[in-house]
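Just so it is clear: chains get the letters A, B, ... in the order the sequence lines come, proteins before strands, and each one is counted from 1.
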Protein chains: 2
Amino acid sequence: MNLKQLAEALSLSQTTVSRALNGYPEVSEETRKRVEETARRLGYAPNSQARRLATGRSMAIGHVIPVSLHEMMNPVFMEFIAGAGQTYARFGYDMILTVVPDAQVGAAYREIAVRKKADAVMIHGPRLDDHRHEILQELKIPFLIHGRIPGRENDLSWIDMNNGSAFETATDLLLDLGHRRIALLNGLEDMDFAARRRRGFERAHAHRNLTADPALMRQADMTEPYGASSAHALLDLPEPPTAFLVSSMITAIGVSRAISERGLKMGRDVSVITHDDALSFLPNTGDKPIFTCTRSSVRYAGERAAELLIDQVMPHPDKPVHEYLKAELIIGHSTGPAPKA
Amino acid sequence: MNLKQLAEALSLSQTTVSRALNGYPEVSEETRKRVEETARRLGYAPNSQARRLATGRSMAIGHVIPVSLHEMMNPVFMEFIAGAGQTYARFGYDMILTVVPDAQVGAAYREIAVRKKADAVMIHGPRLDDHRHEILQELKIPFLIHGRIPGRENDLSWIDMNNGSAFETATDLLLDLGHRRIALLNGLEDMDFAARRRRGFERAHAHRNLTADPALMRQADMTEPYGASSAHALLDLPEPPTAFLVSSMITAIGVSRAISERGLKMGRDVSVITHDDALSFLPNTGDKPIFTCTRSSVRYAGERAAELLIDQVMPHPDKPVHEYLKAELIIGHSTGPAPKA
DNA sequence: CGAAGAATTCAAAGCGGTTTGGATCAAGCG
DNA sequence: CGCTTGATCCAAACCGCTTTGAATTCTTCG
């Protein structure tokens with residue numbers, strides 16, 4: 001069932017039928033009703049390839065996710081994509097997802113742009129020395145960054161959470177509780193979000209004329225074992241930390257495991273604050289959640305990001321947009337006053 | 001830069017250029033070289049919408065993932081998709097991902113089929129009373145199931161792991177270790193995989209003329225808190241279990257937390273076996289992994305599934321294909337002999 | 001040398017929509 | 001009544017590619 005057949009069945013021209021279905025004014029209400037009714041009855045829906053070819057708009061947004069050494073980003077990427085996907089579905093956009101090795105992401109974007117597979121693309125997990133935006137600018141395809149690229153905050157579109165200030169606030173909380181040796185288990189600091197978190201951590205110290213001990217700061221892919229083994233190692237130090245600030249719930253779970261493996265109690269003997277991306281499979285909720293955390297829903301970020309990007313593609317080529325999501329600080333069971341020395 | 005312009009630049013017809021680029025034999029090696037070289041130089045790549053329209057093949061595979069109450073399936077879905085995506089990229093297929101509320105998955109599949117958005121689709125997480133395959137058969141679009149639909153094992157294509165026998169083996173291990181009160185923390189048993197796991201669990205008991213105690217079997221969305229609270233509740237019983245068989249690492253982490261919260265030691269006081277989907281962010285590896293587990297990489301399943309589906313779409317409409325993945329049983333630190341009563 | 005056959009190349013017809021530039025027709029008006 | 005106007009509807013061009021069927025050129029061989 002294609003447009004031609006439908007038009008024949010209605011004894012109308014393709015033009016009229018097309019217009020009727022697309023809501024153009026130059027068709028009488030009466031025939032519009034008739035067209036819509038028979039279209040529905042015959043189960044007609046326009047072939048999307050044909051429509052795309054004719055309109056020049058692909059009605060799709062591309063996401064390229066690098067499958068790299070940093071496997072850890074996956075659950076976050078994926079939750080973001082789930083959020084974005086819902087928005088796309090609501091607006092009639094398709095999401096095309098490309099999963100390629102790190103080295104091929106440039107090529108993947110190029111492919112999308114030059115073959116016109118999508119009207120816009122999303123950039124995930126920007127690094128400090130990221131260059132994807134340059135490729136995309138050269139290709140003249142609209143894009144939005146989940147995160148920020150240092151130095152390009154003003155002229156590119158992005159959505160991000162307040163990584164720096166969230167971690168500064170969290171550190172403040174720990175300092176207020178009397179902790180003076182605080183460990184930071186960060187993500188890889190060549191990622192922009194991790195670099196910001198680290199600066200926030202250091203800022204909080206600096207404001208009190210303290211300096212964070214570099215021996216207590218670590219960075220790695222945010223796995224559970226990373227949390228456990230780091231916590232063990234740090235707690236073995238002559239002067240162990242009394243608190244941990246952790247970049248991911250998953251790593252925090254590892255920390256919590258290490259703490260109990262040593263017969264200590266989290267929240268009493270050792271405090272832990274983690275960032276919580278609100279991953280659906282790791283709820284840290286309830287009256288008083290397990291982990292004190294800075295929370296910002298990455299799924300919600302996905303939803304908003306998709307809206308912003310669709311907006312950007314709509315026929316009014318706008319200025320760059322920015323959206324700044326504030327993580328909330330939530331007190332759970334895992335923090336308490338620093339133990340007396 | 002489109003085909004016409006490229007043809008003009010070469011003083012050739014579109015036909016010849018098209019054929020040269022697509023490897024047809026009726027074009028001289030010499031001009032083929034020339035065409036390829038200038039195409040590369042001018043950065044030409046065929047518009048995919050146009051090509052799709054002309055060929056009638058969309059070179060895309062659709063995945064519809066329901067965002068439902070069962071949020072928990074997400075990390076597994078997503079890991080599967082990451083695997084599948086890599087395969088698609090390798091074969092030049094696009095993946096289009098649709099994220100919709102449970103109630104709209106039928107409509108989403110219909111949309112894909114009737115607008116010709118994809119050449120085939122994947123079914124995720126089949127239920128016992130699943131009907132998606134009927135919609136897809138009616139729409140005459142090839143599909144493959146990740147999992148199985150009961151009663152339709154022979155005439156539909158699927159890829160699945162040995163849920164039943166893996167859990168039977170795991171249960172056997174625990175029974176061999178002397179455990180007689182074994183708890184099962186399963187996923188929701190209206191999902192086919194969970195129903196099979198339960199049957200495997202019961203089969204192992206039956207083979208020794210034992211019956212599994214229904215009071216020790218639970219099912220729910222596989223979150224971390226589900227594991228922790230269930231473990232606490234069960235260990236509070238007058239006759240608590242000495243071992244847990246768990247359907248997901250994430251839930252098992254909750255169990256492990258509950259065990260240590262009670263001052264018990266996993267592997268000594270309480271044994272735990274979990275199924276391990278080999279999620280990239282939850283490595284349970286090493287010489288002797290934390291959890292004894294049945295392991296089957298869902299990412300690998302995704303890779304294979306994509307290959308099977310692409311095969312199915314290639315111009316030789318085949319019989320249904322099945323692939324049966326065997327989970328391996330891996331001994332970790334979390335299991336040991338049952339404590340003396 | 002001329003014709004048959006192979007090797008190349010091309011013009012044009014789709015693929016299934018959207019959109020431009022009229023046509024057609026009834027109503028409105030001086 | 002003739003002409004303008006607005007409301008509808010339509011034929012045909014176009015989007016950028018593939019593919020059919022035929023034309024052209026080059027070899028080969030009696």
No-hydrogen, no-angle side-chain donor-acceptor test under 3.5 Å, T15(A) and S18(A) = no

Run the numbers on R299(A) and E79(A) for salt bridge (charged side-chain N to carboxylate O under 4.0 Å, His left out), then give the verdict.
-> CA-CA 5 Å; R299(A) 179 182 290 234; E79(A) 187 88 11; 3.1 Å; yes

Can R127(A) and D129(A) be counted as an ion pair, charged N to O under 4.0 angstrom?
-> no

To the nearest Å, give me how far apart CG (L12(A)) and C1' (dA7(D)) are.
-> 15 Å

Between the first and last five pairs of the helix from dC1(C)-dG30(D) to dG30(C)-dC1(D), the angle of the axes, rounded to 10 degrees | 60°

Nearest whole angstrom, please: distance from the C1' of dT18(C) to the CZ of R57(A).
-> 13 Å

State plainly whether the residues E37(B) and R41(B) are in salt-bridge range, i.e. N to O under 4.0 Å.
-> yes

With sugar-phosphate taken as primed atoms, P, OP1 and OP2 and all else as base, the protein-contact string of nucleotides 11-19 of chain D at under 4.0 Å (heavy atoms; B, S, -) is BB--BBBBB

Option passing salt bridge (charged side-chain N to carboxylate O under 4.0 Å, His left out) with D94(A) (candidates R52(A), R57(A), K117(A)) | R52(A)

Across the strands shown, which category fits S48(A) at heavy-atom distances under 4.0 angstrom: base, sugar-phosphate, nothing?
-> nothing

Can we say R34(B) and E29(B) salt-bridge, meaning some charged N sits less than 4.0 Å from an Asp/Glu carboxylate O?
-> no

Whole Å only: how far is the CD atom of E26(A) from the C1' atom of dG6(D)?
-> 12 Å

Q312(A) versus S157(A), side-chain donor and acceptor atoms under 3.5 Å | yes

